[in-house]
Amino acid sequence: MEDSEHYNDASTIVDSATELIIPSIVIHEYIWVMARHLNIDLNLIALKLREYLMDPRVNYLLEDLGIYERAFKMIIEDRASIKDINDYLILSIAIREGAILATFDRDLAQKAIKRGVRVMP
């Protein structure tokens, strides 16, 4: 985790936030990357998830039907692939919550900026 190319920037963002909105899709992606691509032990992943989700600043959100409908609408508008559904779900939540989107994913950042969502870093 500390070896990640964006670790320092991500830590600064998280440490300075007064509220963190974490959708379930972000947790799923986190688990997938940590276990599948970085080969991190599941016990460590579980420990880190507990730390994140028990943080009093965290608002853990499950995607509801409205989030999915907005995501599908944006995919259709952008003529994007359904493979991008995770990005559009995250974007849909940022729009609904009026949140700043913290991402290092350039494609997601461009989609967000196109729709008037503030992006950092």
Side-chain angles (χ1 to χ4, degrees):
M1 290 171 250
E2 286 85 357
D3 295 341
S4 167
E5 118 185 52
H6 299 293
Y7 177 79
N8 289 334
D9 291 334
S11 291
T12 299
I13 291 168
V14 169
D15 291 346
S16 66
T18 56
E19 179 185 17
L20 298 163
I21 298 169
I22 303 180
S24 68
I25 191 67
V26 170
I27 298 298
H28 299 171
E29 285 188 341
Y30 175 80
I31 293 168
W32 178 254
V33 168
M34 299 302 279
R36 178 78 178 197
H37 296 287
L38 299 178
N39 228 8
I40 304 295
D41 179 75
L42 289 179
N43 290 313
L44 180 55
I45 295 171
L47 177 68
K48 296 309 284 183
L49 282 179
R50 174 175 281 285
E51 287 176 16
Y52 297 141
L53 295 176
M54 296 301 290
D55 185 318
R57 300 171 299 155
V58 167
N59 181 7
Y60 175 73
L61 295 178
L62 292 172
E63 297 81 7
D64 60 24
L65 180 58
I67 294 299
Y68 283 97
E69 289 174 338
R70 179 182 286 121
F72 293 152
K73 181 180 178 201
M74 289 186 290
I75 288 172
I76 292 166
E77 287 171 356
D78 291 354
R79 296 183 178 168
S81 168
I82 193 64
K83 291 188 278 185
D84 293 329
I85 186 64
N86 291 358
D87 284 358
Y88 284 98
L89 289 169
I90 293 165
L91 178 55
S92 182
I93 289 170
I95 291 169
R96 183 184 75 186
E97 297 297 315
I100 298 170
L101 180 60
T103 183
F104 296 100
D105 180 327
R106 288 187 182 130
D107 291 335
L108 175 54
Q110 288 176 349
K111 292 169 191 164
I113 291 166
K114 171 182 173 181
R115 289 178 168 83
V117 174
R118 288 182 46 207
V119 175
M120 63 183 308

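Among Lys73, Lys114, Lys111, the single residue meeting the side chain to side chain donor-acceptor pair (under 3.5 Å) criterion with Asp78 is Lys114.
Residue pairs that meet the ring pair (Phe, Tyr, Trp, His ring centres under 6.0 Å) test with at least one member in residues 70-117, sequence neighbours left out, are His6-Phe104. Note on residues 91-101: pairs passing salt bridge (Lys or Arg N to Asp or Glu O under 4.0 Å), not counting sequence neighbours, are Asp64-Arg96.
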Any chance you could lay out the side chain to side chain contact (heavy atoms under 4.5 Å, CB included) test for Tyr60 and Ile27, step after step, and finish with the verdict?
CA-CA 9 Å; Tyr60 175 73; Ile27 298 298; 3.8 Å; yes
Evaluate the criterion side chain to side chain contact (heavy atoms under 4.5 Å, CB included) for residue pair Asn86 and Leu108; output intermediate values, then yes/no.
CA-CA 10 Å; Asn86 291 358; Leu108 175 54; over 6 Å; no
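Transitive grouping of hydrophobic side chains (ILVMFWY, heavy atoms separated by less than 4.5 Å) keeps Val26 and Ile13 in distinct clusters. Met54 and Leu44 fall into different hydrophobic clusters, where Ile, Leu, Val, Met, Phe, Trp and Tyr residues are linked whenever their side-chain heavy atoms come under 4.5 Å apart, directly or through other members. Residues Leu91 and Ile76 are members of separate hydrophobic clusters, defined by side-chain heavy-atom contacts under 4.5 angstrom among Ile, Leu, Val, Met, Phe, Trp and Tyr. Ile85 and Leu62 end up in the same hydrophobic cluster when Ile, Leu, Val, Met, Phe, Trp and Tyr side chains are linked at under 4.5 Å. Cluster annotation: Met120 is not connected to Val117 through the hydrophobic network of ILVMFWY side chains, with a link wherever side-chain heavy atoms come within less than 4.5 Å.
Atoms CG and CD1, on Leu61 and Ile90 in that order, are 12.0 Å from each other to the nearest 0.5 Å. To the nearest 0.5 Å, atoms CD1 (Ile45) and CD1 (Ile40) are separated by 6.5 Å. Ile75 CD1 to Lys83 NZ: the interatomic distance, rounded to the nearest 0.5 Å, is 12.5 Å. One finds the CG atom of Leu47 at 12.5 Å from the CG atom of Leu42 (value rounded to the nearest 0.5 Å). The structure places CE of Met74 at 11.5 Å from CG of Asp84, a figure rounded to the nearest 0.5 Å. Here the OG1 atom belonging to Thr103 is positioned 7.0 Å from the CG atom belonging to Asp87, to the nearest 0.5 angstrom.
Checked by atom type and distance alone, the side chain of Arg115 never pairs as donor or acceptor with a backbone atom of Ile95 at under 3.5 Å. Side chain of Glu63 to main chain of Leu89: no donor-acceptor pair is present (N/O by atom type, distance under 3.5 Å, no hydrogens or angles).
Arg57 and Ala17 get closest at one heavy-atom pair: NH1-O, 2.8 Å. Ser92 and Ala71 make their closest contact through OG-N, 4.0 Å (heavy atoms, listed as atom of the first residue, atom of the second, distance).
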